[in-house]
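Heads up: the structure comes next, in structure tokens.
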Amino acid sequence: MTDELVHYAVADAVATITLDSPHNRNALSQQLVTELFERLERANAEDTVKVVLVRQAGKVFCSGADLSEATTIGMEEGARRIVALQRLIATLDKPVVTRVAGAVRAGGIGIVAASDVAISADDASYALTEVKLGLAAAIISLTVHARMNPRAAALTTLGGEVFTGAQAATYGLVTRAVPADGLDDAVATVCAQLATGTAQGLRESKRILNADLVRRIDALGGDMAALSARLFASDEAREAMTAFLNRKQS
């Protein structure tokens, strides 16, 4: 039986969804994305849940697309699913909070950007690494570029360099960056504040806040998924991804 990669628990009106796929640093594999969809939809359906918290087990929040799958089965379906995942987070009836510690890369940043509130450790590590692999931050541009200020989006997308949680807050990508030893307290405080809202108040307020973002996803999602799949299938990207995977294994 395949081990569960995404855990689910509810306490104090908060559904906590934990990414726990250490073998690939919480990469967005087919199994992880499928389980994440199921957990989000479960939280949405449970009346006792007011707030959804997405966090990681281990030192990496998410390493982005699963490159092993991308180099073997391609990204046509995977790209569409990640677009749909961002849309689900943005349209969920309940606020979604992400807690980010350690590293988050590429596609994982799309989850952070799609969420309503993102609390990061100030020393967390972010990078839009697609440009270094012959790819582009296409599907996650739907949410990432909607959150970040344009100059920051250009610098991080074109440069592909690492930036910190503190910088991510300055860029508009996350709501707040706090010292790592205060991260859990900060997240708990935010979740408790959000949970004081009524179900209808939270749902309708979120719909107003995310209306433009959802329209952006609906208008551009198909094109971005197609572009992403084409880039992943290109000779340049496949060569770069294979070299990257070989370096990791050596």
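We use all heavy atoms of the structure for the numbers below, so side chains are in, but hydrogens, waters and symmetry mates are not. Nothing here was measured: the structure is a model prediction, and the numbers come from that model.
Linking ILVMFWY side-chain heavy atoms closer than 4.5 Å, directly or via other members, places Val54 and Val49 in a single hydrophobic cluster. Follow the hydrophobic side-chain contacts under 4.5 Å out from Leu173 and you never reach Val97; the two are in separate clusters. Note: the hydrophobic cluster containing Val52 also contains Phe37 (ILVMFWY, side chain heavy atoms under 4.5 Å, direct or indirect links). In the hydrophobic cluster analysis, where Ile, Leu, Val, Met, Phe, Trp and Tyr join through side-chain heavy atoms closer than 4.5 angstrom, Val51 is grouped apart from Leu36. No single ILVMFWY cluster, assembled from side-chain heavy atoms under 4.5 Å apart, contains both Val117 and Ile111.
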Side chain to side chain contact (heavy atoms under 4.5 Å, CB included) evaluation trace for Val6 with Ile17: CA-CA 7 Å; Val6 182; Ile17 296 173; 3.4 Å; yes
From CA spacing to verdict: salt bridge (charged side-chain N to carboxylate O under 4.0 Å, His left out), Arg87, Asp218: CA-CA 8 Å; Arg87 191 183 192 282; Asp218 289 344; 2.7 Å; yes
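In this structure, Asp116 contributes its side chain and Val96 its backbone to a donor-acceptor pair below 3.5 Å. Remark: the backbone N or O of Ser21 is paired with a side-chain donor or acceptor of Asn26 at under 3.5 angstrom. Of the possible polar contacts, one joining the Ser115 side chain to the Val112 backbone as a donor-acceptor pair under 3.5 Å is found. Judged by distance alone, with hydrogens and angles left aside, the side-chain atoms of Asn149 form a donor-acceptor pair with the main-chain N or O of Ala152 at under 3.5 Å. Of the possible polar contacts, one joining the Lys50 side chain to the Gly197 backbone as a donor-acceptor pair under 3.5 Å is found. Using a distance-only test at 3.5 Å, with no hydrogens or angles considered, a donor-acceptor pair links the side chain of Thr72 to the main chain of Glu69. Here the side chain of Arg99 pairs no donor or acceptor atom with the backbone of Arg55 at under 3.5 angstrom.
For the pair Leu28 and Arg81, the minimum side-chain heavy-atom distance is 4.5 Å or more. Looking at heavy atoms from C-beta onward, Phe232 lies in side-chain contact with Leu67 at the 4.5 angstrom threshold. Within the 4.5 Å cutoff, the side chain of Glu4 has heavy atoms near those of the Arg39 side chain. Looking at heavy atoms from C-beta onward, Thr157 lies out of side-chain contact with Met148 at the 4.5 angstrom threshold. Counting heavy atoms from C-beta on, the side chains of Val83 and Arg80 never come closer than 4.5 Å. Taking 4.5 Å as the limit, some side-chain heavy atom of Thr143 sits within range of a side-chain heavy atom of Leu213. Side chains of Leu231 and Leu227 form a contact here, defined as non-hydrogen atoms less than 4.5 Å apart.
Closest approach of Ala90 to Asn210, counting heavy atoms only: O-ND2, 2.9 Å. Residues Gly165 and Ala177 approach most closely at O-CB, 3.5 Å, considering heavy atoms. The two residues Asp47 and Lys94 come nearest to each other via the heavy atoms N-NZ, 4.5 Å. In plain terms, the two heavy atoms of Asn44 and Asp93 that are nearest each other are OD1-N, 3.0 Å. Listed here is the closest heavy atom pair of Thr98 and Ala118: OG1-CB, 3.3 Å. Minimum interatomic distance between Thr71 and Ser68 (heavy atoms only, all atoms of both residues): OG1-O, 3.1 Å.
The residues Arg238 and Asp235 are annotated as not salt-bridged, no charged nitrogen and carboxylate oxygen being separated by less than 4.0 angstrom.
Checked against salt bridge (Lys or Arg N to Asp or Glu O under 4.0 Å), Glu46 has the following partners two or more places apart in sequence or in another chain: Arg42. For Arg151, there are no salt bridge (Lys or Arg N to Asp or Glu O under 4.0 Å) partners, not counting sequence neighbours.
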Tell me which donor-acceptor pairs under 3.5 Å the side chains of residues 188-195 have, and how far apart each pair is, sequence neighbours excluded?
residue : atom : partner : partner atom : Å
Thr189  : OG1  : Asp185  : O            : 2.9

Acceptor/donor pairs from residues 56-63 side chains to any protein atom, 3.5 angstrom cut, sequence neighbours excluded:
residue : atom : partner : partner atom : Å
Gln56   : NE2  : Gly58   : O            : 3.4
Gln56   : NE2  : Ala101  : O            : 2.7
Ser63   : OG   : Asn24   : O            : 3.0
Ser63   : OG   : Arg25   : O            : 3.1

Show me the donor-acceptor pairs within less than 3.5 Å that the side chains of residues 124-142 make with the rest of the protein, sequence neighbours left out.
residue : atom : partner : partner atom : Å
Ser125  : OG   : Arg105  : NH1          : 3.0
Ser125  : OG   : Arg105  : NH2          : 2.8
Tyr126  : OH   : Ser120  : OG           : 2.8
Lys132  : NZ   : Gly159  : O            : 3.4
Lys132  : NZ   : Glu161  : OE2          : 3.2
Ser141  : OG   : Ala138  : O            : 2.5

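Within 6.0 Å of CD on Glu204 lie more than 12 heavy atoms contributed by other residues, nucleotides or ligands. Atom CD of Glu236 sits in a sparse spot, with 12 or fewer heavy atoms from other residues, nucleotides or ligands closer than 6.0 Å. Atom CG of Asp123 has more than 12 heavy atoms from other residues, nucleotides or ligands within 6.0 Å.
Think of Leu202 as one node in a network of Ile, Leu, Val, Met, Phe, Trp and Tyr side chains linked at under 4.5 Å; it has no links at all.
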